[in-house]
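Below is one structure; the comments refer to it alone.
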Number of protein chains: 2
Amino acid sequence: MPTAHPSSPEPLPAPPQLSTMETAVIDVFVSAVKLIGLPKSIGEIYGLLFSSPLPLTLDALVLRLSISKGSASQGLKVLRSVGAVRPVYVAGDRRDHYAAETELKKLVAGFIREELQPHLDSGSERLAHLRQLLACSHPDDSGFLASRISKLGQWHTRSKSVLPLLTGLLD
Amino acid sequence: MPTAHPSSPEPLPAPPQLSTMETAVIDVFVSAVKLIGLPKSIGEIYGLLFSSPLPLTLDALVLRLSISKGSASQGLKVLRSVGAVRPVYVAGDRRDHYAAETELKKLVAGFIREELQPHLDSGSERLAHLRQLLACSHPDDSGFLASRISKLGQWHTRSKSVLPLLTGLLD
DNA sequence: CAAATTGTTCAAATTTTCTTGAACTCTGCG
DNA sequence: CGCAGAGTTCAAGAAAATTTGAACAATTTG
């Protein structure tokens, strides 16, 4: 903003650098997302939105977090997909504004649906493949393997039934 | 094995390269451990042990999986720590032999204890830090932040109570 | 419609994480 | 003792994941 105008167009100038508090909150979320195997930038984005009383635009995230537009765009895509972030309509602004979803149950449900379920599903196929291999295999040593594949099947069934239950335990 | 002897010293020669079945089983575990954020080699080791009717030594893992002794050692260390692998005494062999633990409940409990709990614990400290920052902060804008930090506290409490419960749902 | 604004994509660069291998420790054995 | 076998450690190299940035869509506006 080279030209100085008497009245800023933005409602709030939004301090360019993060406050101690914001940094500390973001830090919590960065650890959390890394724990569940998501990139740091996603924790930063969610953390800043979580700390913000007003919904923020992609530009604001780029500016305040010093991350690239590409990262912000990709990060928001993931956060939207798991329902961790909600687009908020703001009158007279073409840009998308985002707010953090703070209902733990929703966050966990979204994560399970988008990140965990797909793996369980591909697990079904792999399990089928294993059973097919077992059928062809040398009958001699198949006894032990049969028991192990059966065990895998038990795990799979159990996981499929427990994961959805997890959501119910929250909130 | 350049020299051919009439009788092998090992009980079973253990085919140097993996069978189709073993590869498929290992593949399942490699995906699984990557999902929970552990290195591939750990999935390979556990997968081979899971497929093996007999406990295996570190050397056997190195040979059959074509991984380095260092990887095998470190991988076994993690697997031991979460209780995914059990040392088995074998008479007349100084080497450690390992068998896969196949009780899902134990595996999950071990993972929670070793990998998840520590993060929840450090979370307590960070939360305390946040509350301390809040106390110092500008009273004006502290209203919103106070509510968010309170929300974080709720999440934390909830997680601490739910994680242990999870174990109970299995088996 | 042309220009400007917003957001997306993706190959290349960077950063992070994992793996390797050689040096080291620790035991047991002769 | 000193050697040999088994396992660990850790710095350096290799591999994998993330981030960047610039080109590209898509939309709105004048």
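All values below were derived from every heavy atom in this structure, side-chain atoms included, with hydrogens, water molecules and symmetry-related copies excluded. In what follows, every chain begins at residue 1, and chains take the letters A, B, ... in the order their sequences are listed.
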Please give me the minimum heavy-atom distance between B:S161 and B:P164, naming the atom from each residue. O-CD, 3.6 Å

Let me know, please, whether A:G37 or B:L58 comes out on the 5' side of the other along DNA chain D by nearest nucleotide. B:L58

Spacing between B:D59 atom CG and D:dG7 atom P, to the nearest angstrom: 6 Å

Within residues 39-47 of chain A, those residues having any heavy atom closer than 4.0 Å to DNA chain D are A:P39, A:K40, A:S41

Rounded at 0.5 Å granularity, tell me how far CG in A:L63 sits from NZ in A:K69. 13.5 Å

Under the 6.0 Å and 45° cation-pi test, does B:R148 pair with A:F50? yes

Whole angstrom is fine here: how far is it from CG in A:D96 over to P in D:dT28? 11 Å

Find the distance between CG (A:L61) and OG (A:S66) and round it off to the nearest 0.5 Å. 11.5 Å

Partner set under side chain to side chain contact (heavy atoms under 4.5 Å, CB included) for A:V108, not counting sequence neighbours: A:L104, A:I112, A:L170

Derivation of the side chain to side chain contact (heavy atoms under 4.5 Å, CB included) call for A:F29 and B:L152: CA-CA 10 Å; A:F29 287 107; B:L152 265 184; 3.9 Å; yes

Interface residues of residues 66-77 of chain A with DNA chain D (non-hydrogen, below 4.0 angstrom): A:S66, A:I67, A:S68, A:G70, A:S71, A:Q74

Bending between helix ends of the helix from C:dC1-D:dG30 to C:dG30-D:dC1 [5 pairs per end, 10° resolution]: 10°

In whole angstrom, what separates A:D93's CG from C:dA4's P? 19 Å

Measure OH/A:Y98 against C1'/C:dT8 and give the value in whole Å, please. 11 Å

Rounded to the nearest 0.5 Å, what's the gap from OG on A:S52 to CG on A:L48? Could you check? 6.5 Å

To the nearest angstrom, the CG-P distance between A:L61 and D:dT19 comes to 14 Å

Distance, nearest 0.5 Å, that separates OG of B:S81 from CD of B:E115: 6.0 Å

With a 3.5 Å distance limit and no angle check, can you tell me whether A:E101 reaches the backbone of A:E103 through a side-chain donor-acceptor pair? yes

As an exercise, state the distance from NE2 of B:H119 to OG of B:S124, rounded to the nearest 0.5 Å. 13.0 Å

Taking B:L169 as the fixed residue, which of A:L169, A:L163, A:L166 is the one that meets the side chain to side chain contact (heavy atoms under 4.5 Å, CB included) rule? A:L169

Between C1' on C:dT20 and CG on B:L63, what's the gap in Å once rounded to a whole number? 17 Å

Check whether any side-chain nitrogen or oxygen of B:R80 sits under 4.0 Å from OP1 or OP2 of D:dT8, and answer yes or no. yes

Please encode protein proximity along nucleotides 25-30 of chain C as a string of B, S and -, counting only heavy-atom distances under 4.0 Å. --BS--

Are A:L120 and B:V30 connected into the same hydrophobic cluster when the rule is that any two of I, L, V, M, F, W, Y join if their side-chain heavy atoms are below 4.5 Å apart? yes

Enumerate the salt bridge (charged side-chain N to carboxylate O under 4.0 Å, His left out) contacts for residues 119-133 of chain A, please, sequence neighbours excluded, ordered by first and then second residue. A:R126-B:D27

